[in-house]
Amino acid sequence: MHDDHNFTVDQDLLSRRQFAQAALASAGLFVALPARAQQPQPPLGTTAESPMGPFYPLNPGRENDADLTRLAGHRNRARGTVIELTGRIRDVRGNPISGARMELWQANAAGRYAHALDPAVAALDPDFQSYARLTTGADGSYRIVTIKPGGYDSPIGHRPPHLHFDLRGRTHRTIAQMYFPEDAAANARDTLYSALGRDAASSVAARNPADGSKYRWDIVLMG
Ligand SMILES: [Fe+2]
C-alpha cells in the first residue's frame with residue numbers, strides 16, 4: 001500500500017515534468033529541468049564526411065595561422081567579406097576534444113583556389129592565406145578569421161561557398177565541408193551537399209543574428 005502510494009506520487013511528478021518540458025518546447029524554449037535520475041544520453045550525431053576535393057594545397061605557403069585575412073609584411077588585408085568562425089569539437093559522448101588538429105583550405109572571395117590545377121579564371125588574391133592549421137583549446141574550442149569564399153563552377157556543377165576541413169580528434173579523422181546558412185537555396189542544388197541527405201545540417205554553420213559576420217560551427221567526431 002505504501003509502495004503503491006509512492007508510485008502514484010512519482011508518476012504524478014514525472015508527468016508534471018513532462019508537461020512542463022512540453023510547454024516550454026512549444027514556446028520555442030528549451031530548459032533542462034532537473035532529472036530525477038541520470039539517464040544515459042544517446043550519442044551525438046557525427047559531423048558529415050565529404051570528399052576531399054581536388055584542391056588540397058600542394059604548397060601551404062609560409063603562413064598557416066588561424067587568421068587567413070592577413071599576411072606578414074602585406075599592406076592589404078585579403079579581399080572579400082571578413083568573417084569569424086568559432087565552435088567546439090566534441091566526441092559522440094559530448095566530451096570536448098582538446099588538441100584536435102584542424103586544417104582549413106578554401107577558395108578566395110572570387111572563387112579561386114591557390115592550386116595549380118584550379119581551372120578557374122578568377123584572379124588569385126596575393127593577400128589571402130587560403131590555408132590554416134590550428135588545434136583546439138582545452139575546452140575543444142577554436143576560432144578562425146577568414147573571408148567568405150566565392151562559389152565556383154566545377155565538373156559537378158556550380159559549387160556554393162564552402163570551407164574544406166581536415167579534422168583529427170584523438171582517434172578519428174574526418175574530411176568535411178562547411179556551408180553557409182544564408183546560401184540554403186544554392187546548397188540544396190549542390191551535388192555534394194545533397195548527397196549528405198539528412199546529415200547535411202551538420203555541415204551548415206549557424207550565423208549570429210546580431211552580427212552577420214560571425215558564424216558558429218560545432219563539430220562532432222567519433223573520438
Ligand atoms: Fe571546394
Side-chain angles (χ1 to χ4, degrees), residues 46-61 63-69 71 78-87 89 100-134 142-168 173-207 213 215-221:
T46 53
T47 298
E49 292 201 50
S50 277
M52 189 162 220
F55 302 128
Y56 180 82
L58 299 169
N59 174 15
E63 255 182 74
N64 55 32
D65 63 282
D67 183 349
L68 292 83
T69 69
L71 288 169
R79 272 168 266 167
T81 303
V82 176
I83 60 171
E84 179 196 70
L85 177 65
T86 57
I89 301 187
R101 287 179 288 168
M102 308 175 71
E103 288 181 68
L104 157 65
W105 66 102
Q106 63 170 98
N108 67 21
R112 169 85 185 265
Y113 285 89
H115 192 288
L117 297 180
D118 187 353
V121 293
L124 287 169
D125 179 353
D127 301 308
F128 181 49
Q129 191 175 292
S130 80
Y131 169 83
R133 187 185 293 160
L134 58 150
Y142 71 89
R143 178 177 180 269
I144 291 162
V145 176
T146 187
I147 53 97
K148 182 174 177 183
Y152 58 88
D153 292 324
S154 85
I156 57 167
H158 187 79
R159 303 282 345 268
H162 59 275
L163 307 179
H164 291 267
F165 283 92
D166 183 351
L167 306 161
R168 298 184 216 201
R173 182 178 184 182
T174 293
I175 308 295
Q177 298 188 27
M178 191 214 86
Y179 298 84
F180 294 84
E182 63 272 25
D183 303 323
N187 293 343
R189 287 193 297 269
D190 180 55
T191 304
L192 293 182
Y193 180 89
S194 303
L196 301 176
R198 285 170 49 193
D199 293 337
S202 70
S203 65
V204 183
R207 195 177 194 184
S213 73
Y215 295 85
R216 182 172 182 98
W217 187 46
D218 290 319
I219 296 159
V220 179
L221 301 178

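First listed ligand is number 1; within each ligand, the first listed atom is number 1.
- Taking the ring-ring contact (aromatic ring centres under 6.0 Å, His included) definition, one finds that Tyr131 meets it with nothing, sequence neighbours left out.
- Ring planes of His162 and Tyr152: tilted class, angle from 30 to 60°.
- The Fe ion (ligand 1) has Tyr113 OH, Tyr152 OH, His162 NE2, His164 NE2 as protein N, O or S atoms under 2.8 Å away.
- In this structure a side-chain-to-backbone donor-acceptor pair under 3.5 Å is present from Gln177 to Pro51.
- Heavy-atom neighbours of Arg168 CZ from other residues, nucleotides or ligands within 6.0 Å: above the threshold of 12.
- In terms of the ring-ring contact (aromatic ring centres under 6.0 Å, His included) criterion, residue partners of Phe180 (sequence neighbours excluded) are, by chain and number, Tyr215.
- Phe165 pairs by the ring-ring contact (aromatic ring centres under 6.0 Å, His included) definition with Trp217, not counting sequence neighbours.
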